[in-house]
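Some notes on the structure that comes next.
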Amino acid sequence: MKVLVIGQGGREHAMAWKLRQSSHVSQVFVAPGNGGTALEPGIENIDIAATDITGLIRFAKQAEIDLTIVGPEAPLELGIVDAFQAQGLKIFGPTQKAAQLEVSKSFSKQFMAKYKIPTAAFKTFTQIDLAQAYAEKKAFPLVIKASGLMAGKGVIIAEDLIEANAAIELFLKPVKASATPEIIIEEFLQGEELSYIIMSDGQNMVSLASSQDHKRRDEGDQGPNTGGMGAYSPVPWLSEDLEETILNTVIKPSLAGLAEENTPYQGFLYAGLMVSPEGKIHLLEFNCRLGDPETQALLFRLKSDFFSLCWAASHSQLQGKCVEWDDRAAVSIVLCAPGYPGDIAIGEPIANYTRELPEDIKIFVSGAQLHGQGLKTSGGRVLCVSTLGRTLLEAQTKALYWANQVSWPGKFYRKDIGWRATARE
Ligand code: AMP
Ligand code: GLY
């Protein structure tokens, strides 16, 4: 089978690498891919942007692609799944309408309210003065969210009214004359985050292993929010009871709600949850795709054939499928370019990147391009070092060693990925 992966980050590198291991797969193409996918044997980059749907359809037809799998949210927002299906091409991902769950936080929060999915109390606004008047009456911290896609940078946790007012102005300032920006102001929830990702075929679903991302830039979960600085899997405190609660109060009602609205959901569905110290869960957000960097940890633990799962899910054949995982813990640490998540410096050659590593270590490429025989930085999140260990601490120690080996000027990363769980170990 020939597979096309759409996207260009570390998540897509991990997806392409894992798909290539399937005995059913003869060739993996990645559009547009990055320096990491360019260097993988049996994987070929295709120079078509993830949002160039016409170009991608032309390529899928010409190369006789058997299955296309979408990595990021941008093509989903543009309706890539609907467009491929209209041409009779097999693709795994949600339709444009279903992807509204991620694309519009305002839609998503209203959906959660309608189907009684536990979430933070919220209100939506389009006018700066009304939003600021509302914020003035609220307790702090207060969470201000842009409704549209912001690559992980659309949430500001305001500690006081000055910060809240600035965030409201930032997100509600019109960028395009045509678009009316919208924001959500919601209560701040205490607790620990959990990424719970499932695959749905439209009728049936399977859960993937649990994982936890680290959104803040700095150690101890300080500093600005980012796209994700590192993740680990599994989350040791996720009990069977808690998982049942997540399935029964978040996942199943959401899938049923979508089906009720004639939008049966096919694709990865990622629930970003907050779990309170008392074990109460709230849904922070939905993503209509796999997480980055969660995928780099998850797929490292996946023992089942990833291609077969995607094939089954895209052919409504997930019923009865089991997903097997390596018992070891996985951690993935993101190495960033200086300035991330703000203005970044790129174009630096990367020293000591290697594919020649033991089976329990892999360096996925997020934002780097091929330059001669080596790599040059091209994005804010540059590399993602993933490792497996008998304990999370062992995996973390190994990942930190390799994170220190590769280098470029100004590289930085969090040395505490998994800190809450390793403290428990
Ligand atoms: P979101 O894009 O909605 O997942 O938000 C990004 C990150 O902001 C989350 O992963 C949390 O770390 C944080 N966050 C979002 N909403 C809340 C909330 N209501 N309370 C506390 N933290 C939040
Ligand atoms: N790791 C968070 C995300 O992919 O949205």
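Counting starts at 1 for both ligands and their atoms, in listed order. Residues: numbered from 1 along the sequence shown. Side-chain atoms are counted along with the backbone in the values below, which use heavy atoms only and exclude waters and symmetry mates.
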For ligand 1, which atoms, with element, lie under 4.0 Å from some heavy atom of Asn225? 7 (C), 8 (O)
Aromatic contact, Tyr270 with Phe286 (centres under 6.0 Å): no
Could you check whether the rings of Phe111 and Phe107 sit parallel, tilted or perpendicular, using 30° and 60° as the cut-offs? parallel
Contacting atoms of ligand 2, where contact means under 4.0 angstrom from a heavy atom of Asp213: 1 (N), 2 (C)
Is ligand 1 under 4.0 Å from a heavy atom in the side chain of Asp213, in the backbone, in both, or in neither? neither
Search all heavy atoms of Ile144 against all heavy atoms of Phe171 and return the closest pair with its distance. O-CE1, 3.6 Å
Of Leu283, Ile157, Thr119, the one whose closest heavy atom lies nearest atom 13 (C) of ligand 1 is Ile157
Before accepting this row, confirm whether a basic side-chain N of the pair Asp327/Lys303 lies closer than 4.0 Å to the acidic partner's carboxylate O. no
Can you say whether the rings of Phe125 and Tyr134 are parallel (under 30°), tilted (30 to 60°) or perpendicular (over 60°)? tilted
Could a heavy atom of Met274 be found less than 4.0 Å from some atom of ligand 1? yes
So, is Glu285 polar-close to ligand 2, with some N/O to N/O distance under 3.5 Å? no
Note: Asp66-Lys90 ion pair, threshold 4.0 Å (strictly below): no
Would you confirm whether the ring centroid of Phe306 sits within less than 6.0 angstrom of the ring centroid of Trp311? no
Which atoms of ligand 1 sit under 4.0 Å from any heavy atom of Glu186? 16 (N), 17 (C), 18 (C), 19 (N)
Heavy atoms only, cut-off 4.0 Å: how does Gln190 contact ligand 1, side chain, backbone, both, or neither? neither
Select the closest option to atom 11 (C) of ligand 1 among Arg216, Lys145, Lys105, Glu193, judged by heavy-atom distance. Glu193
Minimal heavy-atom distance between Ala329 and Ala395, with the atoms involved, is O-CB, 3.8 Å
Are Phe268 and Phe92 an aromatic pair by the rule of ring centers under 6.0 Å? yes
Per-atom filter on ligand 2: closer than 4.0 angstrom to a heavy atom of Glu294 are 1 (N), 2 (C)
Report yes if some N/O of Leu189 lies less than 3.5 Å from some N/O of ligand 1; otherwise report no. yes
Non-hydrogen atom of Gly291 closer than 4.0 Å to ligand 2: yes
Measuring from the heavy atoms of Arg289, does anything fall under 4.0 Å of ligand 2? yes
Quick one: list whatever passes side-chain hydrogen bond (donor to acceptor under 3.5 Å, both in side chains) with Arg216, sequence neighbours left out. none
Is the closest heavy-atom distance from Gly227 to ligand 2 below 4.0 Å? yes
Which atoms of ligand 2 sit under 4.0 Å from any heavy atom of Asn287? 5 (O)
Quick check on contacts: which atoms of ligand 2 are under 4.0 angstrom from a heavy atom of Lys215? 2 (C)
Which atoms of ligand 1 are found less than 4.0 Å from any heavy atom of Leu284? 3 (O), 9 (C), 11 (C), 16 (N), 17 (C), 18 (C), 19 (N)
If you compare all heavy atoms of Ile80 against all heavy atoms of Leu56, which two are closest, and at what distance to 0.1 Å? CD1-CD1, 3.8 Å
